Amino acid sequence: MQLRHFLQFTDLSREEHEHLFARTRSIKDRFKRYERYWPLEDRTLAMIFEKQSTRTRLSFEAGMHQLGGAAIFLSTRDSQLGRGEPVEDAAQVVSRMCDVVMIRTFEQGILERFARHSRVPVINGLTNEYHPCQILADVYTYIDHRGPIRGATVAWIGDSNNVCNTWLQAAALFDFKLNVSTPPGYEVEAERINKNCATFADPMVAARGADLVTTDVWTSMGFESENEERRRDFQTWQVDAEMMRVAKKDALFMHCLPAHRGEEVAAEVIDGPQSVVWDEAENRLHTQKALLEFLVLGKL
Ligand code: CP
Ligand code: NVA
């Protein structure tokens, strides 16, 4: 079987993503019926975290158990990885003992170096540049609520961060429109813009007529030193009830979480009727189980 990784959203074709969504539906249904499904019995997932996490750790660890396998948590704080062992050496060792690896780290380059020296599939659990597992769950959640995403309009309000970069890749792959509004100085890097993306100085204009409005924290992990400055610069980039009113009447609201009410999103929006953030979080579990199945066993 050909070795496949999921380092960026575009590592899988549209057809492969659609296959994952079909598998997700089946795996989720079985799980809801308490039916045992153990395709990864005796398989082990290694999870390496260089940044904090609640959802990613929980969904991968619980998901692997539910598929009959085991998950091992490693962090740079309490392993040799934090003491300067080369990434290449770690990849050799980890991939001789485990069947699949998930990594949350800083630069995408670290993940790529690991993958180049790994004998087993490597999954991006978030880097400074991308968060593909999040958008896998987000697109699935959209489709679950509204049907095909092709031709829809998604509004991204806020920072041009890892989650935004991955939405940009998803827009091109699934052919939906992505309206992006960032504060001045925080624009999307020019090379990431594609034909499905339009940029707006005014977030209200970006949200107009959108089927889905989504945002993320003003300050991502690793950028904490910019916190005060960002708090000032992002004031207008809050998804509030007024912004949801200019979107489509039945527009959904998503947020990868954790959220800061009163900063990037108003409490009345995230806790309101258009918000699907809890489904979105739950779907991390189901979509990643389909991803693990695909990467370890191939297309079933
Ligand atoms: N959305 C997300 O990845 O959450 P965690 O940081 O809690 O894993
Ligand atoms: N953009 C955020 C996402 C957290 C899940 C971060 O990188 O901190």
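All figures in this text were calculated on a predicted structure; none of them were measured in a lab. Start at 1 and go down the list; that is how both ligands and their atoms are numbered.
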Exercise for the section: Rounded to the nearest 0.5 Å, what's the gap from CG on D138 to CG on L252? Could you check? Expected result: 11.0 Å
Problem - Which of the ligand 2 atoms, numbered from 1, are nearer than 4.0 Å to a heavy atom of M221 - result: 6 (C), 7 (O), 8 (O)
Exercise for the section: Answer yes if the ring centres of F49 and F73 are under 6.0 angstrom apart, and no otherwise. Expected result: yes
Exercise for the section: Please list, by chain and number, the protein residues whose heavy atoms come under 4.0 Å of ligand 1. Expected result: S53, T54, R55, T56, R104, H131, Q134, C256, L257, R284
Problem - Which of the ligand 2 atoms, numbered from 1, are nearer than 4.0 Å to a heavy atom of L126 - result: 3 (C), 4 (C), 5 (C), 7 (O)
Problem - N162, portion touching ligand 2 at heavy-atom distance under 4.0 Å - result: side chain
Handout entry: salt bridge (Lys or Arg N to Asp or Glu O under 4.0 Å) partners of residues 249-262, not counting sequence neighbours, each pair once
Key = R146-D250, R261-D271
Problem - Basic-acidic side-chain contact under 4.0 Å: E242, R245 - result: no
Exercise for the section: Determine, using ring centers only, whether Y140 and H286 are less than 6.0 Å apart. Expected result: no
Problem - N or O contact, T219 vs ligand 2, cut-off under 3.5 Å - result: no
Practice task
Around atom 3 (C) of ligand 2, find the nearest protein heavy atom and jot down its residue, atom name and distance.
Solution key: D216 OD2, 3.6 Å
Practice task
Report yes or no: is the cationic atom of K299 (NZ for Lys, CZ for Arg) under 6.0 Å from the centre of the six-membered ring of F294, at an angle within 45° of the ring normal?
Solution key: no
Practice task
Check whether any side-chain heavy atom of Q108 sits under 4.5 Å from a side-chain heavy atom of N124, and report yes or no.
Solution key: yes
Exercise for the section: Report yes or no: does a heavy atom of L257 sit under 4.0 Å from some atom of ligand 2? Expected result: yes
Exercise for the section: Could you check if a side-chain atom of N162 sits within less than 4.5 angstrom of a side-chain atom of E129, using non-hydrogen atoms only? Expected result: no
Handout entry: Partner of H255 under side chain to side chain contact (heavy atoms under 4.5 Å, CB included), chosen from V269, V213, V276, V265
Key = V265
Practice task
Before signing off on this row, confirm whether R104 and ligand 2 have an N or O atom pair separated by under 3.5 Å.
Solution key: no
